[in-house]
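Below is one structure, written out as structure tokens; comments come after it.
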Amino acid sequence: MYLIELSDYCLNPMGTGNGLNNSYFALSSGDVCSLQTDSTDDAHIFLKALATLVSPVSGTYCFTGEMINFSDYRELLPFKRKIGYIGQDSAMISNRTVRENLLLMRCYFENSLSIPLDENVSKFLKMFDLEDKLDIRPGELRPVDLRTAIAIREITKSFDVLLLDRPEHYFGFKSFYIFNEILEDILKAGHAVVFFSRDRNFTETFSNRKILIAGGTLTQIPQ
């Protein structure tokens, strides 16, 4: 059974992209797919679609064999919990502290407001030097610290799939180096990853599958 399977999938274009037309895509545990395209907008909309942030025009999205219903946001939440998404339009809730944002998904599913940060979150906060910024609101953070806090939230989910949109631009130089080390551990655990990057070294180091999106069509590039 695939983790993600898109069938006859169509997406409206955004910006200068072509969208997606009647395409098929399947993702299994251990797959690390790099996206190649002549349109950044097409890579961006595809990653957002995988993250269930964009509804298809037509086609089906199955996650571990279960078809996703996009008509009700509440029905998407169990799937969003299993998908980590780190991209330029990722955000935190502005009127909650960083700590509250990091705990929000757990509070919802565990139905409790008195949950401590787990060991992984604390470890990553220390690695990225964000321990003293937990009790301020996102708008008070430097942009690079905000993006890093969002990344920590996503990589500490109980995710099956991690989606990355141009991580070399998302993180500052030092944070990108640290994130690469974390990503190595994520891959050793067998998680699936789909990413778009213009960093050739990042792509060649991590990917074991290459997907081409061109002219609205998605195809796999032979290894």
Side-chain angles (χ1 to χ4, degrees), residues 1-9 11 20 23-37 42-54 56 59-68 76-87 90 105 109 118-121 123-124 127 150-168 170-171 175-214 217-223:
M1 181 186 299
Y2 294 117
L3 282 176
I4 291 176
E5 186 175 24
L6 310 182
S7 300
D8 298 320
Y9 223 65
L11 296 169
L20 205 62
S23 292
Y24 177 82
F25 174 74
L27 184 75
S28 300
S29 297
D31 285 348
V32 187
C33 297
S34 89
L35 301 178
Q36 299 187 8
T37 178
D42 279 344
H44 183 57
I45 196 69
F46 181 65
L47 288 170
K48 289 187 71 172
L50 292 178
T52 71
L53 296 173
V54 175
T60 59
Y61 184 141
C62 290
F63 193 92
T64 59
E66 183 175 354
M67 188 179 299
I68 295 179
L76 294 176
L77 292 178
F79 301 104
K80 290 180 182 292
R81 189 185 187 190
K82 294 293 185 180
I83 302 170
Y85 172 69
I86 299 173
S90 301
M105 187 70 79
F109 282 101
D118 67 29
E119 290 183 6
N120 262 347
V121 174
K123 178 181 72 175
F124 293 141
M127 289 175 68
I150 291 169
I152 291 172
R153 180 191 66 194
E154 297 302 300
I155 63 178
T156 53
K157 287 180 177 180
S158 298
F159 67 83
D160 293 328
V161 180
L162 182 63
L163 310 173
L164 306 172
D165 190 350
R166 290 164 293 175
E168 67 274 19
Y170 188 85
F171 296 95
S175 295
F176 184 49
Y177 176 78
I178 296 171
F179 176 74
N180 285 356
E181 294 183 339
I182 294 170
L183 184 58
E184 289 180 2
D185 291 335
I186 288 171
L187 298 183
K188 287 176 185 176
H191 295 294
V193 177
V194 183
F195 69 85
F196 174 59
S197 173
R198 298 291 192 189
D199 186 316
R200 184 172 181 179
N201 183 61
F202 183 87
T203 298
E204 295 303 321
T205 297
F206 292 113
S207 68
N208 57 29
R209 285 181 62 193
K210 293 181 180 178
I211 302 297
L212 174 66
I213 303 175
T217 300
L218 184 150
T219 55
Q220 178 159 318
I221 301 173
Q223 291 288 89

Take atom OH of Tyr2 as the centre, draw a 6.0 Å sphere, and report whether it contains more than 12 heavy atoms from other residues, nucleotides or ligands. no

For atom CD of Glu119, decide whether the heavy atoms of other residues, nucleotides or ligands shown that lie under 6.0 angstrom number more than 12. no

Distance (rounded to the nearest 0.5 Å) between [X] [atom1] and [Y] [atom2]:
| X | Y | atom1 | atom2 | answer |
| --- | --- | --- | --- | --- |
| Arg209 | Ser28 | CZ | OG | 7.0 Å |
| Leu6 | Thr60 | CG | OG1 | 7.5 Å |
| His44 | Leu35 | NE2 | CG | 12.5 Å |

Is the closest side-chain heavy-atom distance between [X] and [Y] below 4.5 Å?
| X | Y | result |
| --- | --- | --- |
| Pro167 | Ser197 | yes |
| Met127 | Phe124 | yes |
| Leu162 | His191 | no |
| Ile86 | Ile150 | no |
| Phe195 | Phe202 | yes |
| Leu218 | Tyr24 | no |

If every non-hydrogen atom of [X] is compared with every non-hydrogen atom of [Y], which pair is closest and at what distance?
| X | Y | answer |
| --- | --- | --- |
| Leu163 | Ala51 | CD1-N, 3.5 Å |
| Ile155 | Phe159 | O-CE2, 3.3 Å |
| Ala192 | Leu3 | CB-CD1, 3.7 Å |
| Thr52 | Lys80 | OG1-NZ, 3.0 Å |

Donor-acceptor pair, distance only, cut-off 3.5 Å: does the side chain of [X] make one with the backbone of [Y]?
| X | Y | answer |
| --- | --- | --- |
| Asp160 | Lys82 | no |
| Thr156 | Asn120 | no |
| Ser90 | Gly87 | yes |

Can you check whether Phe179 and Tyr170 have ring centres sitting under 6.0 Å from each other? no

Ring-ring centroid check Phe196 Phe46, cutoff 6.0 Å: no

Under the side-chain hydrogen bond (donor to acceptor under 3.5 Å, both in side chains) test, which residues partner Asp42, sequence neighbours left out? none

Do Lys210 and Glu204 sit within salt-bridge range, that is, some charged N less than 4.0 Å from a carboxylate O? yes

Listed by chain and number, what are the salt bridge (Lys or Arg N to Asp or Glu O under 4.0 Å) partners of Glu154, not counting sequence neighbours? Lys157

